[in-house]
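Working notes for the structure below.
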Amino acid sequence: MSLASCLLLAAALFCVGLYGLLARRQIVAILLSIELMANAANLVFVAFGHYRGGALGQVFAVFSIALTVAEVAVGLALAMLLYRRHGDSRVELASEMKR
Amino acid sequence: MTPTTLALTTLVAPASAALVLAVVPGLRSRGWPAAALCILASVVSLGAALGVLSGCLADPTPSVLAVPWLRTSSVTVAEIGVRVDGVVASMLSVVTLVALSVQVFSLGYMHDEPRPAFGRYFAYHALFLLSMDVLVVAPNLLQLFAGWELVGVTSYLLIGFYYRKPSAARAAVKAFWVTKFADMGFLAGLLTLFVASGSFGWDAHLAPGTATVVTLLLFFAVVGKSAQFPLHVWLPDAMEGPTPVSALLHAATMVAAGVFLVVRADPLFAQAEATRTVMLVLGAATALFAALLALVQTDIKKVLAYSTCSQLGYMVAALGAGSMIGGFFHLTTHAFFKALLFLAAGSAIHAVHSNEIGDMGGLARRMPVTGGAFVVGALALAGVPGFSGFFSKDLVLEAVEGKLASLPWAALLATAFLTAFYMGRVVVVAFFGAPTGEKAERAHEPGWSMRGPLVVLGVLAAGGGVFAAPFAHLYGREYHFEMGVGPSLAAALAIGGFGAAYLVFGRAKGAPLPAPLALVDRVAKTSIVNRVYEVGYRRVALALADGLAWIDRYIVDGLINLLGYGTLEAGARARAVQTGLAPDYVLAAMLGVAGLAVWAVLR
Amino acid sequence: MESLGFGILAGCALMSAFAVVRSANLVHAVLWLGVTLVATAGLYAMLGASFLASVQVLLYVGGVVTLMIFGLMMTRRHGDSGPQIEDVRSAPAALAAIILFGATAWAVVSTDGLDAPVTPPPAVGPAALGRALVRDHVLAFETISMLLLVAIVGAIVIARRKDPGGAAAAAPASAASVAVPKAAE
């Protein structure tokens, strides 16, 4: 176990999350992928905090968790809205940006 | 007032008249106010011009009043303003005097026109006088060119005055076309002159080759404006305009602009002997050629038109022989007697309602003033001793004598005989003999407004010779006249021409042509020069224009259209990228992030 | 021993992460996310962040995952056996992910001295963390709390059903403007 291995793991988790973010169509699945990516970021914070000293890494991780929770709340609200408007929660339905 | 201020007045007066007539509604359409305003402006111009003339006679030193024109940060390319010297003073006086006479004459001649047309006619006249004055007082060739073009435009307007008449509209376009074609030479000459000397002045010293090129180019414009062979074709057609217009533009002033240009640019022409030789040959040839054509015309105005070509040939030949004063003095006397002839012809036409000399006959008895004026004009034109034309023609012949094996001299002498002959023919057929028709019998003398100018111009045409001495004084020369061999010969030929005309046409009714003239008539009727232009226009100019139009439409426009089409197409393609779907945008952003990461690592 | 533990946890986290993004059943995906989060919490504990590990388990696994399941339930059509997962853009997505991972991994591997022991890391206990949060970084802390408040209010506003009668008319204010051209179609 080392900083490098932690970072590699975090990178791997992040990229898996990125894949999910890009490939999935269900808005809830996309939110899950974002959770994965945020989790990977938190891992980086904690790992650097551990190996480079100081409480700062954990402080950042706490803030990041709070941010993620807020994002989940708003994201789920949006998912419900989308579902209510279209009877489905596929993200392609939200294509108002073009129309 | 100083001479320059007076010269400026000759510009301002017609300019104000033209401007007022252009912008004040109702003045033009009512007719008479326009005429009054125009004639008032011409009177003021004439007064100012005579003031300039007297000032110059007292002190012939040139003076210039000019402001910079076309100024760049470092150089003033040209000036605009007025220049006063002997040439300007005499030309201004001639122009304004003839213009005023013609305008007064027009009061009667154009009386039957509808009011708006009447007003329009005088507005054009004010504009013409302004243009001509701009040309005359020009302190450099650039302003002269501007006036030259303005004169061309007003000439177009006046020739095409009866614009509803197809032949008049065509004639106006033809005159404009031909003179414009020649004006390309003026422009090219001007630019060459500017490149060579850095100014538009006429007193530059040029390399011999450059001087020849510049003067030949300028002379090309003169050929067009002064209706020299082979660009004379527009002048007979221009007779479609009202007769007073022909008197003013196509006899006295506008066509003389070409001669005036050569007189003005004399320092340049003096440097180019080759150009002068060309002028001498072309002038003499035109004089003879046009005189021959004048012999066979039956339209009184066409006779006078070809006669004008012929006399302009005299002037050009004199200038080609290096006699500036000869050419210019003949221009002056010609302006008087040719304007007189045209106005008298106009008066006759007005009475008979026909241009054909065959329809006239015996007019002198019923129209003594008109007939007298025409006879005086004819005698002056033919150069009968004592009349103005005799003295000016004598100056020309004296200058030409001995040049180029005296061939031009001989041609001009022959022309003098022919001139007397064809003028004699018109006089005999139209003004003496028996009336040939009802209209000719009922012809009567016109009103005072038409008789007055005839009398004034008649006096000047008859006695214009007395101006020779002061005229020479303006140029710092002495004038002597001796009744030597040359003048005697010319006088004999002139009188002989009249005699011959009387012998041939005096007894016969109508105007049958003797056998040798019938041949000339047949040649004239083929109008070979016009044919050549027609073919040239159809085959060459139109083909060239079609080719250029094709290039413009499919290559120049094609490129632009291709550019536009490409842009539209690219936009349509690029538009497809914008799906409006958030995942696509995220994918694009993430690919960008990945790319950036790769770039950051590899850097 | 340590490395073995790390390997097991890392393997669990990665495997379950793959399961999250690949499983066809969304409920399963949410549950797999819980597994990933728990594995990460284990890693936190190994990295000396025991407080954070417990927060992760309590808040994330207990809160977020539950919330997700609720969300899933509410965005599901009646009669559906379950939300069907139809992946699109798999290939470009995988490409982007692989490129990014390659670049990041290369950066990590090629960075020298990443694991050079600097100073012996002092253990950061809950007390130290608490002090850091509410003393050193109190401004950021309060800002985050404001953010959470705004997010809660915003979520309520967005998800609120304005007109109990119609589903389509329930668009919130922010969506009302885009709803107009839709209605005009």
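Every chain is numbered from 1, with letters handed out A, B, ... down the list of sequences. As the structure is a prediction and not an experimental result, all values here were calculated from the model.
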Looking at [options], which has the largest count of heavy-atom pairs under 4.5 Å with chain A?
{"options": "Leu37(C), Thr111(C), Val64(C), Leu14(C)", "result": "Leu14(C)"}
{"options": "Ala13(C), Ala155(C), Ala107(C)", "result": "Ala155(C)"}
{"options": "Val30(C), Thr104(C), Leu149(C)", "result": "Val30(C)"}
{"options": "Gly7(C), Gly154(C), Ala151(C)", "result": "Ala151(C)"}
{"options": "Pro92(C), Ala132(C), Ala94(C)", "result": "Ala94(C)"}

Structural part of [X] lying under 4.5 Å from a heavy atom of chain A:
{"X": "Val108(C)", "result": "side chain"}
{"X": "Leu33(C)", "result": "side chain"}
{"X": "Ala140(C)", "result": "both"}
{"X": "Leu100(C)", "result": "both"}

Under a 4.5 Å cutoff for heavy-atom pairs, which residue among [options] has the most contacts with chain C?
{"options": "Val69(A), Leu76(A), Ile27(A)", "answer": "Leu76(A)"}
{"options": "Ala73(A), Ala11(A), Gly17(A)", "answer": "Ala11(A)"}
{"options": "Leu21(A), Leu7(A), Leu13(A)", "answer": "Leu13(A)"}
{"options": "Gly20(A), Cys15(A), Ala10(A)", "answer": "Cys15(A)"}
{"options": "Leu18(A), Val28(A), Val46(A)", "answer": "Val46(A)"}
{"options": "Leu82(A), Leu78(A), Ile30(A)", "answer": "Leu78(A)"}

Discussion item. Taking CZ in Phe6(C) as the centre, count heavy atoms belonging to other residues, nucleotides or ligands within less than 6.0 Å. Is the count above 12?
Written reply: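 Correct, the count exceeds 12.
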- Message: For the CZ atom on Phe101(C), are there more than 12 heavy atoms of other groups (residues, nucleotides or ligands in this structure) within a distance under 6.0 Å?
- Response: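 It does: Phe101(C) CZ has more than 12 such atoms within range.
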* Identify which part of Leu43(A) has an atom lying under 4.5 Å from any heavy atom of chain C, answering side chain, backbone, both or neither. =>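 Backbone plus side chain of Leu43(A), per the 4.5 Å heavy-atom cut-off to chain C.
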**Asked** What part of Leu56(A) gets closer than 4.5 Å to chain C, counting heavy atoms only: side chain, backbone, both or neither?
**Response**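 Leu56(A) touches chain C through side-chain heavy atoms alone.
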Problem - Between CG on residue Leu31(C) and OG on residue Ser23(C), distance to nearest 0.5 Å - result: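 That separation rounds to 9.0 Å.
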Using only heavy-atom distances, determine whether the side chains of [X] and [Y] contain a donor-acceptor pair under 3.5 Å.
{"X": "Glu35(A)", "Y": "Tyr60(C)", "answer": "yes"}
{"X": "Arg24(A)", "Y": "Tyr19(A)", "answer": "no"}
{"X": "Gln56(C)", "Y": "Asn42(A)", "answer": "no"}

* To do: Before giving the answer on side-chain contact (heavy atoms from CB on, under 4.5 Å), spell out for Leu4(C) and Ile8(C) the whole-Å C-alpha distance, their side-chain angles and the decisive distance to 0.1 Å.
  => CA-CA 6 Å; Leu4(C) 184 66; Ile8(C) 291 170; 4.2 Å; yes
In terms of the angle between their ring planes, are His137(C) and Phe63(A) parallel, tilted or perpendicular, with boundaries placed at 30° and 60°?
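Aromatic pair His137(C)/Phe63(A) classed perpendicular.
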Closest approach of Val16(A) to Leu36(A) (non-hydrogen atoms, all atoms of both residues):
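For Val16(A) versus Leu36(A), the nearest heavy atoms are CG1-CD1, 4.4 Å.
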| query | Any side-chain heavy atom of Val27(C) sitting closer than 4.5 Å to one from Leu72(C)? | reply |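 Sidechains of Leu72(C) and Val27(C): in contact.
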Are the side chains of Ile65(A) and Leu52(C) in contact, using a 4.5 Å heavy-atom criterion?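 With C-beta onward as the side chain, the pair touches.
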